[in-house]
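To start, the structure itself, in structure tokens.
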Number of protein chains: 2
Amino acid sequence: MKAAASTRKPNMREAILAAAEELFSTYGFNAVSVRDIAQAAGANPGSVTYHFRTKDGLLLEIYRRHCGPMNRRRSELLAAARRVRDLQDRLEAIVRAYVLPAFTSGSDLAGGGTRFTRLRAIMSAEGNEVVRKIIAQTFDDTSHAFIDAIHESLPHIPRTDLVWRSHFLLGALYYTLVTPERVSRLSRGSADGTDAGHAIEELVRATVAALQAAPLDEGAPRKIPAANPGRVVT
Amino acid sequence: MKAAASTRKPNMREAILAAAEELFSTYGFNAVSVRDIAQAAGANPGSVTYHFRTKDGLLLEIYRRHCGPMNRRRSELLAAARRVRDLQDRLEAIVRAYVLPAFTSGSDLAGGGTRFTRLRAIMSAEGNEVVRKIIAQTFDDTSHAFIDAIHESLPHIPRTDLVWRSHFLLGALYYTLVTPERVSRLSRGSADGTDAGHAIEELVRATVAALQAAPLDEGAPRKIPAANPGRVVT
DNA sequence: ACCATATTTGTACTATCGTCCAAATAATCC
DNA sequence: GGATTATTTGGACGATAGTACAAATATGGT
């Protein structure tokens, strides 16, 4: 070996994608420059332009790379979950089918699924316009399928409530991946926010309970909260 | 009135703060430039530097402005909730005391609380270093107080699980404020994601149920999930 | 070995970034 | 009303952003 700089990357395109994925999912899209990505991948900034034309194009390619396998995996797990006999077990299996692929990507290396989900979390927070369409197109179908499956297991709960609750699930999932150290901090070390296995179990348990809760309409009529927050202006 | 440009702002500093708050909470910290803020506030870019020295200083001042009143409000509501006799009602009141101030700021104008919470959501996603310390210092005390109160209402559930579940609550809360249109979309119009009042009720109901769920330790021993996601490398 | 193609490199361009500063203007106090 | 302070203005600075492009180099087929 002559020098470190002389080692040749077998596939620079992949290296750039991996570096971009890691940086975007950690610092957000806007905080990372093309030059940062190139340096992390051991490539020239011009190479990024050559392979992906624009920075947006690079982000798009990352999504293309992951969406297919992840949604395929989700469909498989969902189909298997639907076949579970016991209703309670089936509901839990459905939730697990939604959560698991977010943590473990089928084909990619360790932490691949986590990284991409963290990326999605940051992108939805930043309100990235390029990604918004992909989200709506690619993920809404999956979300609808899951909500339908959940509704079959809990037919007495209005779909609207189930939409809200699975929305909360996704928010909790995102937040756990984005700030795992907060759990460690608040639990004073008795829990590890980066322990994906445990996070999944906690998330599934909590979500199943939330989904089974009585809907807002029925049950004992509740008092209207003291303060009236009105409608959010946006 | 002579011309629109001649109207003088009574307090330019406040106008800049308001504009920055709105823009940061919508597009994130990195996507918004000092010039964007100045223009939205009808001010000169130099004015921003004059009042807040740096862009970070501006963000810091926004936090300083909101943290005090919001946490004070939370403390009051939490104290009131602790006095509720019925255990089930008390738990619900505690959760409501945590959620309500995030939607309605005590002193500010309409949507002030929502805007600041949305800002916090985006900042935690972007991993802003300037803000991380404030979060840990200012909000962890409040979070601990709430977890303690919840633990009093649910003494049979280990604190660790309650930390996880209140973490999920915050994630769900953030996500609802960041992408409210997703709820409207997925529910096909039967729910309005921007309806803060309804969002609060759904969130409280779901969270109370999640908090009351059996902890992971006890209950029927569960199967270990097929795939072993291992530990997230970060 | 040679050619055609694919990729990498280095550099340059324009735009915009955060921040600074001196001059202009408004507000305040004696 | 004049002096003093506070604020606003417009322009400038160096740094860095995304992207483009020609030259250099590597690759693969024949």
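By convention in this document, chain letters (A, B, ...) are assigned in the order of the sequence lines, proteins followed by strands, and residues within each chain are numbered from 1.
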Pair R53(B) + E61(B): basic N to acidic O under 4.0 Å |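 Salt bridge flag = no for E61(B) with R53(B).
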Between [atom2] of [N] and [atom1] of [X], the distance in whole Å:
X	N	atom1	atom2	result
N30(A)	dT16(C)	CG	P	15 Å
L23(B)	dG18(C)	CG	P	12 Å
F52(B)	dA6(D)	CZ	P	17 Å
I16(A)	dT19(D)	CD1	P	14 Å
Q39(B)	dG10(D)	CD	C1'	15 Å
M12(A)	dA26(D)	CE	P	13 Å
N44(A)	dA22(D)	CG	C1'	13 Å
H51(B)	dA6(D)	NE2	P	12 Å

Could you tell me whether [X] contacts a base, only the sugar-phosphate backbone, or nothing, with contacts defined as non-hydrogen atoms closer than 4.0 Å?
X	result
V48(A)	nothing
R13(A)	nothing
S47(A)	base

Over-ring placement of R182(B) relative to F139(A), 6.0 Å and 45° cut-offs |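 So R182(B) doesn't make the cation-pi contact.
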Measure from the side chain of R53(A), starting at C-beta and using heavy atoms only, and say which of dA20(D), dC20(C), dT19(D) lies closest.
->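 Nearest nucleotide to the side chain: dA20(D).
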Considering only side-chain heavy atoms of S33(A), which listed nucleotide, dG18(C), dA17(D), dT19(D), is closest?
-> dA17(D)
Please check the phosphate of dT7(D) (OP1 and OP2 only) for any side-chain N or O of Y50(B) closer than 4.0 Å.
-> yes
Between D140(B) and S143(B), does any side-chain donor sit less than 3.5 Å from a side-chain acceptor?
->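 No donor-acceptor contact under 3.5 Å links the two side chains.
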Begin from the C-alpha positions of E76(B) and R73(B) and carry the test salt bridge (charged side-chain N to carboxylate O under 4.0 Å, His left out) through to its verdict.
-> CA-CA 5 Å; E76(B) 293 168 7; R73(B) 181 112 190 284; 5.5 Å; no
Check for a donor-acceptor pair, side chain of S25(B) on one end and backbone N or O of E22(B) on the other, with a separation under 3.5 Å.
->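 Side chain of S25(B) to backbone of E22(B): a pair is present.
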